[in-house]
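Notes to accompany the following structure.
In what follows, chains are A, B, ... by sequence order, proteins preceding strands, each numbered from 1. Just so we're clear, the structure is a prediction, and the values are computed from it rather than from any experiment.
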2 protein chains.
Amino acid sequence: MSTIEQVALLAKVSVATVSRVVNNSAYVSEATRERVEQAIKKLNYQPNALGKLLRKETTSMVLVLLHSVDNPFFATIVQGIEKVAHENDYNVLICNTYGDTEREQHYLKMLRNHLVDGVVFISNTCTSEEINYLNATFPVVQVVEYLTDIDAAHYSIDFYQAGKDLMDILYKNGHRSIGFVHTGSTEIVSSKEKFRAYKDFLKERRLPVITNYPDECLFGYANAKKIAGDLLDKHPKTTAFFATSDLLACGIIDELNFRGKSVPKDAMVVGFDNTSYAYVGKPNITSVELNSFQLGAMAMEYLMSKIKNKPVAHNNKCLIPYQIIERESTKKDSR
Amino acid sequence: MSTIEQVALLAKVSVATVSRVVNNSAYVSEATRERVEQAIKKLNYQPNALGKLLRKETTSMVLVLLHSVDNPFFATIVQGIEKVAHENDYNVLICNTYGDTEREQHYLKMLRNHLVDGVVFISNTCTSEEINYLNATFPVVQVVEYLTDIDAAHYSIDFYQAGKDLMDILYKNGHRSIGFVHTGSTEIVSSKEKFRAYKDFLKERRLPVITNYPDECLFGYANAKKIAGDLLDKHPKTTAFFATSDLLACGIIDELNFRGKSVPKDAMVVGFDNTSYAYVGKPNITSVELNSFQLGAMAMEYLMSKIKNKPVAHNNKCLIPYQIIERESTKKDSR
DNA sequence: AACGGGAATGTAATCGATTACATTCTAAAG
DNA sequence: CTTTAGAATGTAATCGATTACATTCCCGTT
């Protein structure tokens with residue numbers, strides 16, 4: 001690769017002039033500009049960003065850290081982030097952490113080493129201390145999942161209330177034996193709050209808790225199926241399930257069908273996140289729309305303010321409204 | 001943020017010594033090391049990666065460019081890429097291009113500007129010229145989607161043969177009116193090859209072509225539903241559908257059910273990519289497993305060889321075996 | 001005592017850009 | 001014919017690290 005010096009040499013000008021041509025930053029005569037551009041083309045010169053970034057203090061890049069892109073739910077959040085980022089001429093780099101602290105630290109090094117201007121945590125694995133500490137030095141924001149009792153900003157929804165709303169739907173449809181199925185980390189706020197809502201709702205009505213939570217930390221569809229099976233073995237009268245995601249709800253429905261039970265006639269199921277699984281699954285699944293595009297956009301707006309040292313437009317600990325989307329899986333008269 | 005110089009000043013040593021302590025690269029007495037480490041802690045010093053990278057010629061980072069992370073199919077490829085990358089202490093940055101050339105160019109700048117050591121294209125929008133040109137200067141590889149007749153390496157499967165295999169399943173089940181449903185770009189090789197297989201298969205048997213391809217470029221489930229409806233309106237006798245992805249297959253089944261037709265009894269449907277949609281959809285969908293984890297891993301192995309200037313282990317234009325996964329959507333005796 | 005070698009540390013060049021400041025040149029104004 | 005403003009270009013410092021090379025110091029050998 002050629003450098004600015006080689007271009008300068010070929011064009012018989014100083015490096016300063018080449019820089020001026022490249023950045024269009026000051027007076028350059030037409031003739032010289034021509035000559036420099038020729039040289040650039042001839043040498044196929046591409047400015048080394050590192051040299052530039054070392055002088056400038058910003059990189060026009062932000063990092064998005066999430067568990068894994070295999071969850072389409074994250075894609076919508078990312079789109080919201082990207083919308084605002086692109087409006088500000090920022091690039092978005094997405095990294096999978098797989099809930100692995102070490103891996104996350106690896107990527108956070110990019111922040112600490114000034115390779116990116118800020119970080120959006122969609123699901124973080126750091127300690128409160130760590131994130132407080134990062135937040136004190138760098139632009140940082142949490143979206144959807146967040147740690148409470150820390151200084152860092154977050155944008156999310158009231159998972160507790162949404163959980164209660166879902167329980168209410170099942171309850172009003174006459175269900176009294178309601179299972180709770182969860183796979184994945186129990187450390188995250190969404191999971192904790194959903195479970196708390198589930199337990200509180202049952203406690204208020206003196207109904208039994210039927211769940212695997214928080215004993216196991218497994219992932220995905222097949223495990224949801226298995227867990228639903230286990231719960232049904234232990235509590236055969238269970239007629240409704242609260243799944244913490246739409247994909248899990250699909251797994252539960254599969255297991256119910258396998259046991260000759262039809263949804264919603266014999267049992268009802270609710271999911272969460274309103275992903276494509278909610279309408280791909282048959283029957284369609286009642287779910288919660290988080291408005292994740294908006295959440296991503298708001299979080300990025302906050303981050304941009306932080307990066308540009310401008311006052312922040314909205315409250316930096318913000319829970320926005322959600323919507324319950326009722327579908328076939330909780331409709332009495334359906335089918 | 002503090003710099004190496006400030007640390008040196010506080011520890012009363014030269015910057016060279018600080019660098020030696022940080023990198024553990026040469027003799028440093030215990031006492032000095034202690035002092036420097038104290039200073040580092042006190043100032044909360046974090047080395048600026050830019051300074052370092054400017055000297056070194058590598059960044060230990062690669063870029064993965066894909067259409068959008070909303071397709072869970074890509075997640076598996078990325079996992080394969082990450083496995084090999086992490087083995088080599090490389091970080092993986094994922095970027096959405098949304099099929100937008102301008103956006104892609106934005107990210108490719110990172111390659112040209114030496115901010116990353118290489119690029120994996122999962123779906124590229126550049127011209128053959130452009131990619132040839134990049135390939136001549138930088139480590140570059142294509143996986144799953146690729147441009148033919150260029151120098152750049154690719155790792156994929158034989159979409160044409162897989163398409164014929166799927167058609168064969170539908171044909172052997174007695175279907176003679178087979179529709180082809182596609183949404184998204186018709187420019188990509190997978191889409192072209194699947195369609196070519198479809199047409200050739202029908203031509204060989206003098207059967208009618210029933211498709212929207214390549215008139216419309218729409219995306220996703222809802223459009224698949226609509227297109228299936230249109231095709232059924234025009235060709236009511238259509239009894240089988242070749243969908244270019246599992247999600248589309250789900251949409252088609254939805255439309256068929258809506259019209260009172262049951263799958264596989266009244267009509268059969270096949271999908272592609274063997275994503276979670278294939279088993280979340282009811283009935284489960286016959287699909288093609290690309291072994292995308294392996295494809296990702298192989299592509300990354302190639303890229304690492306290129307980056308490290310080592311001989312490449314396997315052929316750099318490689319189509320690996322795929323598997324047809326037959327499920328309920330093409331089983332005659334099912335249900 | 002003189003010497004040699006390795007440990008410990010420092011000095012300064014270097015990576016590839018940007019940019020403040022200096023300098024030269026040109027043309028219009030007085 | 002000077003003066004002068006501003007256009008055009010160059011010189012060199014700078015960003016924050018790494019590292020080749022130089023230097024100093026200490027200790028064991030001869």
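- By the 4.0 Å N-to-carboxylate-O rule, B:E37 lies too far from B:K41 to be salt-bridged with it.
- The phosphate of D:dT9 (OP1 or OP2) has no side-chain N or O of A:S14 nearer than 4.0 angstrom.
- When heavy atoms are screened at a 4.0 angstrom cut-off, B:T3 is found touching the sugar-phosphate backbone but no base atom.
- With distances taken from any side-chain atom of A:T17 to the nucleotides D:dA17, C:dG16, D:dT9, the minimum falls on D:dT9.
- For D:dA17, one of the phosphate oxygens OP1 or OP2 lies less than 4.0 angstrom from a side-chain nitrogen or oxygen of B:Y45.
- Here B:T32 reaches the OP1 or OP2 of C:dT9: one of its side-chain N or O atoms lies under 4.0 Å away.
- Atom CD in A:Q6 sits roughly 13 Å away from atom C1' in C:dA17 (whole-Å rounding).
- Comparing D:dA17, C:dA17, D:dG10 against the side chain of B:I4 picks out D:dA17 as the nearest.
- Side-chain N or O atoms of A:D117 include none that pairs as donor or acceptor with a backbone N or O of A:V62 at under 3.5 Å.
- With the nearest nucleotide of DNA chain D identified for both A:R33 and B:Q46, A:R33 has the one nearer the 5' end.
- B:R112 and A:N44 share no side-chain donor-acceptor pair at under 3.5 Å.
- Contact annotation: A:S25 side-chain N/O to C:dT19 OP1/OP2 distance is not under 4.0 Å.
- Side-chain contact annotation: A:Y98 with A:N96, donor-acceptor N/O pair under 3.5 Å present.
- Applying the 4.0 Å criterion to OP1 and OP2 of C:dC15, one finds that A:N48 has every side-chain N and O outside that range.
- Side-chain to base pairing of B:R20 with C:dG10: one donor and one acceptor N or O lie within less than 3.5 Å of each other.
- Within the 4.0 Å cut-off from OP1 or OP2 of D:dA8, not a single side-chain nitrogen or oxygen of A:Y27 is found.
- The distance between atom CG of B:L50 and atom P of C:dG16, rounded to the nearest whole Å, is 14 Å.
- Residue B:S29 has no polar side-chain atom (N or O) positioned under 4.0 Å from OP1 or OP2 of C:dA7.
- Following rounding to the nearest Å, A:K52 (NZ) and D:dG16 (P) show an atom-to-atom distance of 18 Å.
- In this model, the phosphate group of C:dT9 is not approached by any side-chain N or O of B:K12 to a distance below 4.0 Å at OP1 or OP2.
- Put simply, the side chain of A:I320 reaches to within 4.5 Å of the side chain of A:I157, judged on heavy atoms.
- Between the C1' atom of D:dT14 and the CG atom of A:L53 lies a distance of 15 Å, rounded to the nearest Å.
- Atom CG in A:N23 sits about 13 Å away from atom P in C:dA20, given to the nearest Å.
- Heavy-atom distances to DNA chain C give each of B:V13 and B:R55 a nearest nucleotide, and the one nearer the 5′ end belongs to B:V13.
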